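For the numbers below, each heavy atom of this structure counts, side chains included, while hydrogens, waters and symmetry mates do not. Owing to the predicted nature of the structure, the values given are computational and were not obtained by experimental measurement. Sequence lines set the chain letters: A, B, ... in the order given, protein chains first and strands last, and positions in each chain run from 1.
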Number of protein chains: 2
Amino acid sequence: MNTLAEENYLKAIFKLSGKQKEAVSTNAIAEELETKASSVTDMIKKLTEKKLVNYQKYQGTSLTKKGHEIAVHIVRKHRLWEVFLLKKLKFQWDEVHDVAEQLEHIKSPKLVEHLDTFLCFPQYDPHGDPIPNKNGEFPKSFSAPLIDFAAGSKGKVVGVSQDNPAFLQYLDKLEIQLGSKIQVIEKIEFDQSLEVKINGKATHISSEVAKNILIKQ
Amino acid sequence: MNTLAEENYLKAIFKLSGKQKEAVSTNAIAEELETKASSVTDMIKKLTEKKLVNYQKYQGTSLTKKGHEIAVHIVRKHRLWEVFLLKKLKFQWDEVHDVAEQLEHIKSPKLVEHLDTFLCFPQYDPHGDPIPNKNGEFPKSFSAPLIDFAAGSKGKVVGVSQDNPAFLQYLDKLEIQLGSKIQVIEKIEFDQSLEVKINGKATHISSEVAKNILIKQ
DNA sequence: AAATAAATTTAGACAAGCCTAAAAATATTT
DNA sequence: AAATATTTTTAGGCTTGTCTAAATTTATTT
Ligand SMILES: [Mn+2]
Ligand SMILES: [Mn+2]
Ligand SMILES: [Mn+2]
Ligand SMILES: [Mn+2]
């Protein structure tokens, strides 16, 4: 069984290594976990010992098959709990992440599977992130950040790539939710910001925000 | 904010000190938490520092007002989660305790209150234990252990004073549940065991079991 | 190809929680 | 009231996970 700290490291490496499972730098992990590089080196050595990561001095870290499985399972739990908090306990979408950070570490195979059943096997969490099934398989989703769309293109908001409360509350203020119809009116060359229509209503969006909104055409 | 270990110590002291809030011995705490007396002394000193317990060397430990409040709040969370697991996630009554031991440490005031609302403010957990409300007040309950009842007396099972799975599974086998009607047919002097009728069916029960079944007349 | 900068690791320290063994205090017998 | 037994505390040590400061390696400039 793994400790809470170990699980958080595995999750961070999973998040940072992306689809190609690239090696992740020590500093990147330190930043993600708001800790120091020296602490990361220490922990990586323990995870290497447990065969949960591949690590070569100065060359970065990647997950082993076993480490990957554990990380995906934690992501599964995190996202299922987020759905539970939103759908059953009436939390707002900007409130679920922090509590799920705690709940994801609860250890009980039965709990996860029964929760999944209770929630009717949701495929996406409140931020549009895909929920892996019990075999660790993710539902396929075809989306791209809003910033990659050209003027004139239309689509639907299917997700966000941040779950920071300030960001999510700002989206609420802009009346942007999962499912909102969006059309790019103009891309401002100067600062990469966008003029868009959200459900028919014209709004201006910074590039920083547009990077974190996921669109499906 | 308190650590997981601190919370478990407060809960243990609460459980052991009973209604009169008697001082609890170091050894009793050690046994309850399956740890060593020396570890208990260490922790008690920290809790004294934080003004969560009253402690005098060699004279035992009791909870302060603040310590008592925290302990009751953890008990509240534990029991609400037990209800959730049983009622919503279809756990058996012998399976809920261990998972609730983990869930009781999740920190989110909103989570507890919304869970309580979601469950429609239950007053008792799956073992018949009273659930304190958000002000820390327990519902009054009038029950006594089965072993205290004389031959001929009748009553209803309203609780158990152990949540150890082996004990609960044995009750399942005896077809004893909360709500079961029970009548004491005979008390065996020799070993304090009982002949009883459960929902009309005759059964023999050891004193050890009879101590842990709570009856309301 | 040096020199410099940035990233990473090592060395040594610290707090939390736990342990064993020994000492001290309290309780129980004789 | 001693002697003995039990309980509790103290002393010293270990692991986990963190930190700062210094050393080392790798990357980037000049
Ligand atoms: Mn999240
Ligand atoms: Mn999410
Ligand atoms: Mn319980
Ligand atoms: Mn219970």
Between A:Phe14 and A:Tyr9, does the ring centre distance come in under 6.0 Å?
-> no
Notebook entry, point to check: Is it true that the side chains of A:His105 and A:Glu7 contain a donor and an acceptor less than 3.5 Å apart?
Noted result: yes
Given A:Glu6 and A:Lys11, is the salt bridge (Lys or Arg N to Asp or Glu O under 4.0 Å) satisfied, shown in steps? CA-CA 9 Å; A:Glu6 287 169 346; A:Lys11 196 165 59 113; over 6 Å; no
Close N or O pairs between protein and nucleotides 23-28 of chain D (under 3.5 Å):
{"unit_1": "D:dT25", "atom_1": "O4'", "unit_2": "A:Tyr58", "atom_2": "OH", "d": "3.3"}

**Prompt:** Donor-acceptor pair, B:Ser153 side chain versus B:Phe149 backbone, under 3.5 Å?
**Reply:** no
For nucleotides 15-19 of chain D, list the nitrogen or oxygen atoms of the protein found under 3.5 Å from its nitrogen or oxygen atoms, one pair per line.
{"unit_1": "D:dG17", "atom_1": "OP1", "unit_2": "A:Thr3", "atom_2": "OG1", "d": "2.6"}
{"unit_1": "D:dT18", "atom_1": "OP2", "unit_2": "A:Tyr9", "atom_2": "OH", "d": "3.3"}
{"unit_1": "D:dT18", "atom_1": "O4", "unit_2": "A:Asp42", "atom_2": "OD2", "d": "3.3"}
{"unit_1": "D:dC19", "atom_1": "OP2", "unit_2": "A:Thr35", "atom_2": "OG1", "d": "2.6"}
{"unit_1": "D:dC19", "atom_1": "OP2", "unit_2": "A:Lys36", "atom_2": "N", "d": "3.2"}
{"unit_1": "D:dC19", "atom_1": "OP2", "unit_2": "A:Ser39", "atom_2": "OG", "d": "2.7"}

B:Leu47 atom CG is separated from C:dA16 atom C1', nearest whole Å, by 12 Å
Numerically ordered, the residues 67-75 of chain A set in heavy-atom contact under 4.0 Å with DNA chain C is none
With no hydrogens and no angle check, is any side-chain donor or acceptor of A:Gln169 less than 3.5 Å from a backbone partner on A:Ala166? no
To the nearest 0.5 Å, atom NE2 of A:His78 lies from atom CD1 of A:Ile131 at 10.0 Å
Quiz: residues 120-128 of chain A side-chain donor-acceptor pairs under 3.5 angstrom, not counting sequence neighbours:
{"unit_1": "A:Tyr124", "atom_1": "OH", "unit_2": "A:Lys140", "atom_2": "O", "d": "3.2"}
{"unit_1": "A:Asp125", "atom_1": "OD1", "unit_2": "A:His127", "atom_2": "N", "d": "2.7"}
{"unit_1": "A:Asp125", "atom_1": "OD1", "unit_2": "A:Gly128", "atom_2": "N", "d": "3.1"}
{"unit_1": "A:Asp125", "atom_1": "OD1", "unit_2": "A:Asp129", "atom_2": "N", "d": "3.0"}
{"unit_1": "A:His127", "atom_1": "ND1", "unit_2": "A:Glu82", "atom_2": "OE1", "d": "3.1"}
{"unit_1": "A:His127", "atom_1": "NE2", "unit_2": "A:Trp93", "atom_2": "O", "d": "3.0"}

Using residues 67-77 of chain A as the side-chain source, report each donor-acceptor pair under 3.5 Å to any protein atom, sequence neighbours left out, with the distance given to one decimal.
{"unit_1": "A:Arg76", "atom_1": "NH1", "unit_2": "A:Asp116", "atom_2": "OD2", "d": "3.3"}
{"unit_1": "A:Arg76", "atom_1": "NH1", "unit_2": "A:Pro132", "atom_2": "O", "d": "2.9"}
{"unit_1": "A:Arg76", "atom_1": "NH2", "unit_2": "A:Glu113", "atom_2": "OE1", "d": "2.7"}
{"unit_1": "A:Arg76", "atom_1": "NH2", "unit_2": "A:Glu113", "atom_2": "OE2", "d": "3.4"}
{"unit_1": "A:Arg76", "atom_1": "NH2", "unit_2": "A:Asp116", "atom_2": "OD2", "d": "3.0"}
{"unit_1": "A:Lys77", "atom_1": "NZ", "unit_2": "A:Glu104", "atom_2": "O", "d": "3.1"}
{"unit_1": "A:Lys77", "atom_1": "NZ", "unit_2": "A:Ile106", "atom_2": "O", "d": "3.0"}

Is B:Ser17 reaching over with its side chain to a backbone N or O of B:Ile13, donor-acceptor style, under 3.5 angstrom? yes
Residues at least two apart in sequence or cross-chain that pass ring pair (Phe, Tyr, Trp, His ring centres under 6.0 Å) with B:His114, listed by chain then number, are A:Phe91
Counting just side-chain N and O atoms, does B:Asn27 come under 4.0 Å of either OP1 or OP2 of D:dT6?
no
Hey, is the side chain of B:Tyr55 poking within less than 4.0 Å of OP1 or OP2 on D:dT8, counting only N and O atoms? no
